[in-house]
Amino acid sequence: VQLQASGGGLVQAGGSLRLSCLASGFPLEHYALAWFRQAAGTEREGVASISSSSSDSYYRDSVKGRFTVSRDNAKNTGYLEMDSLKPEDTAVYYCAVRPRYQYSSRDLRESEYSFWGQGTQVTVSS
């Protein structure tokens, strides 16, 4: 049972990256998915979430209009498309899941997400 985040890298300000979160060993369709990030010296914060059916999603204010969360349950994979990246988006990004019946779009507390992947580093240069 594993969540594997990938797709991070170094990009210039204004650029784009697409993160992927591959679930293995369990059906991702049974879970809501969220992305979190943690910049050096700061606490981890929720970035975006999406329901199991993709019918509902939520973004923190600072990424609205720039980031898009999506998923392909047939591929057991979630995504975070990040456009117009800013240096302040630099962080380690994590994906996490919670059971679909527990999903509340605006609730991006870490404690509500029970299973986590390893992080992928995103660095945005100015």
Side-chain angles (χ1 to χ4, degrees):
V1 177
Q2 188 177 9
L3 281 174
Q4 185 172 0
S6 62
L10 174 63
V11 64
Q12 288 188 331
S16 298
L17 282 174
R18 188 193 198 200
L19 306 184
S20 298
C21 177
L22 174 64
S24 57
F26 67 97
L28 189 62
E29 65 181 338
H30 292 174
Y31 294 85
L33 173 76
W35 289 91
F36 293 79
R37 66 186 180 187
Q38 186 169 23
T42 69
E43 293 186 353
R44 191 152 53 184
E45 63 183 17
V47 175
S49 69
I50 186 168
S51 64
S52 59
S53 65
S54 302
S55 61
D56 195 13
S57 61
Y58 180 75
Y59 301 87
R60 69 180 299 110
D61 287 345
S62 61
V63 307
K64 283 180 182 177
R66 300 188 298 121
F67 289 13
T68 303
V69 61
S70 64
R71 61 194 295 158
D72 185 340
N73 288 337
K75 294 182 179 180
N76 237 31
T77 303
Y79 304 97
L80 184 67
E81 180 74 37
M82 305 185 295
D83 299 317
S84 302
L85 282 162
K86 304 176 180 179
E88 52 263 42
D89 295 319
T90 294
V92 178
Y93 283 71
Y94 301 87
C95 56
V97 297
R98 67 188 296 187
R100 58 187 176 186
Y101 60 87
Q102 294 180 352
Y103 180 64
S104 176
S105 61
R106 295 176 180 272
D107 187 355
L108 278 174
R109 290 177 292 171
E110 278 189 67
S111 58
E112 296 302 311
Y113 283 81
S114 51
F115 191 63
W116 292 73
Q118 93 293 355
T120 184
Q121 176 71 47
V122 171
T123 303
V124 184
S125 63
S126 57

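- Using a 4.5 Å heavy-atom threshold, the side chains of E29 and S52 count as separate.
- Of all non-hydrogen atoms in S16 and S84, the two that sit nearest each other are OG-N, 4.4 Å.
- Rounded to the nearest 0.5 Å, atoms OH (Y79) and OG (S70) are 7.0 Å apart.
- A continuous path of hydrophobic side-chain contacts links V97 to V1 [ILVMFWY only; heavy atoms under 4.5 Å].
- Side chain to side chain, Q121 and T123 meet the donor-acceptor criterion of an N or O pair below 3.5 Å.
- No path of Ile, Leu, Val, Met, Phe, Trp and Tyr side chains, each step under 4.5 Å between heavy atoms, connects Y31 with Y103, placing them in separate hydrophobic clusters.
- A 4.5 Å side-chain heavy-atom check between E110 and E43 finds every atom pair outside the cut-off.
- Within the 3.5 Å criterion, the main-chain N or O of A32 finds no donor-acceptor partner in the side chain of S51.
- The distance from the OG atom of S20 to the NZ atom of K75 is 9.5 Å, given to the nearest 0.5 Å.
- Ring pair F36/Y113 is perpendicular by interplanar angle, where above 60° counts as perpendicular and below 30° as parallel.
- Nearest heavy-atom pair, A48 versus Y59, reported as atom, atom and distance to 0.1 Å: CB-CD2, 3.6 Å.
- If you chain together hydrophobic residues whose side chains sit under 4.5 Å apart, V92 and V11 never meet in one group.
- In this structure, the separation between CD1 on I50 and CG on D56 is 9.0 Å, given to the nearest 0.5 Å.
- Rounding to the nearest 0.5 Å gives a distance of 14.5 Å between SG of C21 and OH of Y93.
- Put simply, the side chain of W35 does not reach to within 4.5 Å of the side chain of F67, judged on heavy atoms.
- When every heavy atom of R98 is checked against every heavy atom of D107, the shortest pair comes out as NH1-O, 3.7 Å.
- The minimum heavy-atom distance linking V122 with G8 is given by the pair CG2-CA, 4.1 Å.
- Ion pairing between a basic and an acidic side chain is recognised when a charged N comes within 4.0 Å of a carboxylate O; D89 and K86 show no such pairing.
- Linking ILVMFWY side-chain heavy atoms closer than 4.5 Å, directly or via other members, places L17 and L80 in a single hydrophobic cluster.
- By the 4.5 Å heavy-atom criterion applied to side chains, S6 and L22 are not counted as neighbours.
- Contact between L28 and N76 at its shortest, heavy atoms only, is N-OD1, 2.9 Å.
- Judged by distance alone, the side chain of R18 and the main-chain N or O of G7 form no donor-acceptor pair under 3.5 Å.
- Checking side-chain atoms of S55 against main-chain N and O of S53 turns up no donor-acceptor pair under 3.5 Å.
- In terms of heavy-atom proximity, S125 sits nearest to L10 at CB-CD1, 4.4 Å.
- Atom-to-atom distance recorded for E88:CD and R37:CZ is 8.0 Å, nearest 0.5 angstrom.
- Put simply, the side chain of L3 reaches to within 4.5 Å of the side chain of F26, judged on heavy atoms.
- We find the CG-OG distance between L33 and S57 to be 11.5 Å, quoted to the nearest 0.5 Å.
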